[in-house]
Each structure stands twice: as structure tokens, then as C-alpha cells.
Amino acid sequence: MVLMPNTTDTQGMAVSNPITRDAYLAVESANITQITGVDEQDMPTVKDLLKTWRDHYARNVLRSIYYEGKYHYEGVSYSIPEQMKQMARPMIGWPNKAVRALADLSVFEGFDAPDSLQGQVNELAEDNELDVAVSQSIVSAYTHGCSFLTISEDPDTGRMLIMPRSADWSAGIWDRRRRRLASALTITDKDNKTGHITAFNVWLPGKVYEIDNSEGTWQAQRLDTNLDRPSVVPLAYDAQLSHPLGYSRISRTLMNLTDFGLRTMVRMEATAEFYAAPRVWFLGASKKFTNDTWSSIVSVMNGMPANKNGDKPTMQQLQQATMTPHADMLRTIALMVSSETDIPVNDLGVTMDNPASAEAMAEAERKLSRTADRQNKRFGRAVKDALGIALAYQGADPDAVRELRPIWAPVKETSDAARADWYQKVASTNPDFADSDVGLTRAGLSWDEIKAHRAYEKQKRSEQAVDALRARLHTADETTTTGTEVVANGQQQPSAEQPQPSAA
């Protein structure tokens, strides 16, 4: 069945969200037992991959729902009126913030490669828009725990394709002995009306199966890769020995805190609505007055007779309830979210009574930047592996491929004045390092700016070489014409090749 509103995922958590058949996949369509064209020894692996995808799909969809802000209100039944509960909409974007705040610190700029490979590497990176593909893969990895890069060759054009794949449309089985994927599955097409899977690929060592049911039955086309591994590379967040494909930034704790914060906001709004109109009580008034209470409240002048006992009624107005308890609770929840995600509490939309000092803000940012530095190393190795597979398709030298170095933009923000001061001190003691690509990166130049600078230097050297050559040619022409050499004092003397009068 398709995952629909008010269903339960594989771990028993309620998923009360407006999920449509057009946007999501039908889990039961992955119950495939027979595929024509798949080798008999590979069919158990295909079934394991389909089962792995089914087991994790609901949980991946749940995290996508929180990331996109489509989660639903799950509150205590007696806390607010039913009408307001139905009107409650997501208004807290902490899951999205947890993903994007860290993903924005991972900016992939390209590869530094040996001279023999640099042109080929640049062509692959540009042709596949790796700067965009890696950025998308990182956001998906932080959302679901991992994402994938698939590497294949277009059989028609021979073009190498490096494609990002999200975990909710993919599955992988980890090979613990070789510390890489043993096999992988990527869904490539579906029926937009029913959500049923209509095509998927299975990636195995040495081969890829392209499977679809366009003819009514599942048919597979085999493509040989001649590689000793599947041409799929995972990008994982916080991969551990127990979870080699990583954890999601949208953890169970963060999802529960998001629900907690939404309930607090809804209670705050319900309290404000209850006290929006003035609450006035008339003690000892006759019952007839309560028939049109609002008109009596808004009228400029009102009169009220005494009751049957002759007692004059007294008016008492209820004071509006304060929002302070709700605001304090929301602030406490935001502090817990900050502790869970390493995001400064001010970035979560909550301002503290005592503003944080510059040192405290820098420390909060360092926690996130340290995580980004660690993840950039892991992501860099995955991107390097993916490009290495693409180069292996093209027959590149394996020794040269090992020298590839991924380039990431600096994680920490540094002022231009601080960079200039650092660069001046380094250049005075080590000019070679200051003029290197690494030194220019530390000076604040991006990888594209460094390449433009190197191209400008090359152009200037070429111009200087041409000018020097023209000067030498001009001097040679003058020497040939006059048969003399020009000396420093402006006088002329016979050329060394011309015979002297005394020698005649």
C-alpha cells in the first residue's frame, strides 16, 4: 500500500500527514519475486535490496516530512479546543535548520589533480556539475543519514554520468570486510497515479541490471562494468561501526522536540484567542442582560436595572493571561534543540534575555564548524572514490588517481584584515608557500579565483617572453645591418667578426 495519512511506520510511530499518491511510492510494488534476465545467483541479492528499501522507506519519508515542514500537530486532546487543533499548522522549522546550517558549511569547489589528469578531471566535474550534485547529496545525507553517487557510462554517447541519489529512493547493503557497498539499488521511475515502481537499477560488482516492467512483466538488461565493486559510493553523516551508512541529523530527539515546540506555540495561540475579547462579568445582573452581551459591551452608554431584590449589579473584568510561561517553555525547548544540533540558540528564533558574549557565540559556532571539517574529510573521500571510478572507466592511471585532492571552501569565517595580516607574515618568511595554491586558499581566494589568477600569471609570462624575443630579434637585426655593436657609452666599435686593419 502507499504510505497515507494516519498510518504507522515500521517502528510504530504515527505518521499523520497529507501524503498523496503522486508524491510518494507504493511500498507493496517492491514485492518482486521474479525478473527475466537476472542471473539466478543474483536474484537473492535483488530481493534483499528490495526488502532493505521497504524496511527503511517509511522512516525516510517521515524525516523528509519534518525537513519540508509538512508534519502534523500531535497534541494532548484536552489541552486546546478541537477546532484550534484542526487549524494548527507547522510553524517551527528546526529540522530544516539542523540540516541546512551544517550543509551550508560544506561547499565543494573542485579537485586538485596531477598535471596529466587535471584537464580530464575538470571536464568530468564540469560535465556532471559536481559542485551542484555534491551539494544536493550532502543535504540529502544530513536528512536521511546517507545519500549515494552512482557512476555509469551512457551507452549511446559514451559520456560518464555521476548522479546523486537520495536514500528514500535507494538502498544499499554494506560490505564490512571491504568497507564499501556490496550492492545497491536505485529507483528510477514510478507511476504518477498509483505510486507503483516501474523501473529501478541494481548495482553489483562487475555489472548493472536496468530493470523495468514497461512490457507488463519485469525485464532486466545487463550492462557489464568490468569493475571489482559496484559503481556506487555512499555519502554518510556520522558513520560509525554499528551504522556504516550514518545517522540522520533529524534525529528522534529533534523530531520530539519539534512536536513539543509546536504544542507550546498552539497553546500560546489558544490562550491569546481566549483573551482576545474583553471578558466582563456582571455579578447580580438579571438574566435578560446576557441575551445580547456583546452589544452591551461595545455600546458607548449602557444602563442596567437592579435585580428583583433591589441589589445593584457589580462589574468585574478578567485580566488577560500572561504569555510568559509559554515563552519560557519555548525558550527551554530551544535550548534543548541547540544542545542537540550545536546550532546557536539565537539562530533558532529565540532571543535570550542576556545576549551571549562574543566568546560564547564563537564557541557555539566552533562546535558546528568542527563537525563540518570532519564531515568534509569523509565526504571528500567519497567524492574522490566516485571520480576515481569514472576515471577507471576511461582507463586513467591508478597511481595518478590516488593523488586527487578534493577542494572545499573554508569552513570558518575570517575577516579580510585578519587574512591579510596572516598572509603578509607568512609571505615574509616563506614566499614559496605564500605563492602556492594552499597559501592563496588560506589568504581567502576561492578555487575558481586561484585558477583565474594562475591563468593571468601564465598570460603575463607569455607576453613577457614574446617581448623579450622581439627585443633580441630587434638587436640582432641592428647588428646585422650596421656590423657594429652598441656599447654603453654610446660609441661604436668594430664587430668581433669583422677583421681588424692590423691583421690585413
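In what follows, every heavy atom counts, from backbone to side chain, and hydrogens, waters and symmetry copies are set aside.
Shown here is R381, whose CZ atom has no more than 12 heavy atoms of other residues, nucleotides or ligands within 6.0 Å. Atom CG of N31 sits in a crowded spot, with more than 12 heavy atoms from other residues, nucleotides or ligands closer than 6.0 Å. Within a 6.0 Å radius of CE in M43, other residues, nucleotides and ligands contribute more than 12 heavy atoms.
Neither side chain, Y57 nor D168, offers a donor N or O lying under 3.5 Å from an acceptor on the other.
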Task: Steps toward side-chain contact (heavy atoms from CB on, under 4.5 Å) verdict (K190, H196) - done: CA-CA 5 Å; K190 69 180 181 68; H196 283 72; over 6 Å; no
TODO: Take N201 and Y209, measure what side chain to side chain donor-acceptor pair (under 3.5 Å) needs, and give me the verdict at the end.
DONE: CA-CA 6 Å; N201 294 341; Y209 289 111; over 6 Å; no
TODO: Walk me through it: do Q375 and Y142 pass the test side-chain contact (heavy atoms from CB on, under 4.5 Å)?
DONE: CA-CA 10 Å; Q375 283 301 131; Y142 286 153; 3.6 Å; yes
TODO: Show the numbers, then the answer: is there a salt bridge (charged side-chain N to carboxylate O under 4.0 Å, His left out) between D48 and K51?
DONE: CA-CA 5 Å; D48 289 342; K51 182 180 183 301; over 6 Å; no
TODO: Under the side chain to side chain donor-acceptor pair (under 3.5 Å) rule, what do D191 and T198 come out as? Steps first, then yes or no, please.
DONE: CA-CA 6 Å; D191 189 311; T198 58; over 6 Å; no
TODO: Decide side-chain contact (heavy atoms from CB on, under 4.5 Å) for V232 and I151; before the verdict, give the C-alpha distance in whole Å, the side-chain angles of both, and the deciding distance to 0.1 Å.
DONE: CA-CA 6 Å; V232 182; I151 304 93; 6.0 Å; no
- [ ] Show the numbers, then the answer: is there a side-chain contact (heavy atoms from CB on, under 4.5 Å) between W203 and T186?
- [x] CA-CA 8 Å; W203 309 77; T186 56; 3.0 Å; yes
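When side chains are defined from C-beta on, Q118 counts as touching D112, because their heavy atoms get closer than 4.5 Å.
Residue pairs meeting the salt bridge (charged side-chain N to carboxylate O under 4.0 Å, His left out) criterion with at least one member in residues 96-108, sequence neighbours excluded: R100-D104. Within the structure, the side-chain hydrogen bond (donor to acceptor under 3.5 Å, both in side chains) test picks out the following pairs touching residues 145-154 (sequence neighbours left out): T150-R165, D154-T157. Applying the side-chain hydrogen bond (donor to acceptor under 3.5 Å, both in side chains) test to every pair with at least one member in residues 123-137, sequence neighbours left out, gives these pairs: D127-R159. Residue pairs that meet the ring-ring contact (aromatic ring centres under 6.0 Å, His included) test with at least one member in residues 384-408, sequence neighbours left out, are F108-W408.
The distance from the OG1 atom of T225 to the CG atom of L223 is 9.0 Å, given to the nearest 0.5 Å.
Under a 3.5 Å cut-off, the side chain of T371 and the backbone N or O of K367 do form a donor-acceptor pair.
With sequence neighbours left out, V107 forms a side chain to side chain contact (heavy atoms under 4.5 Å, CB included) with A409. A search for side chain to side chain contact (heavy atoms under 4.5 Å, CB included) contacts involving T341 returns A98, R249, L254, V337, I343, not counting sequence neighbours. Checked against side chain to side chain donor-acceptor pair (under 3.5 Å), S251 has the following partners two or more places apart in sequence or in another chain: E340. For S338, the side chain to side chain donor-acceptor pair (under 3.5 Å) test picks out no residue, with sequence neighbours left out. Listed by chain and number, the residues in a side chain to side chain donor-acceptor pair (under 3.5 Å) with R177 amount to none (sequence neighbours excluded). Under the rule for a ring pair (Phe, Tyr, Trp, His ring centres under 6.0 Å), W94 has no partner lying at least two apart in sequence or in another chain. For E403, there are no side chain to side chain donor-acceptor pair (under 3.5 Å) partners two or more places apart in sequence or in a different chain.
Minimum heavy-atom separation, A133 to P164: O-CB, 3.9 Å.
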Per-pair distances, 0.1 Å, donor-acceptor, side chain in residues 237-244, under 3.5 Å, sequence neighbours excluded:
{"unit_1": "D238", "atom_1": "OD1", "unit_2": "Q240", "atom_2": "NE2", "d": "2.6"}
{"unit_1": "H243", "atom_1": "ND1", "unit_2": "Y247", "atom_2": "OH", "d": "2.7"}

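The existence of a salt bridge linking R370 and D342 is excluded, since no basic side-chain nitrogen approaches an acidic carboxylate oxygen closer than 4.0 Å.
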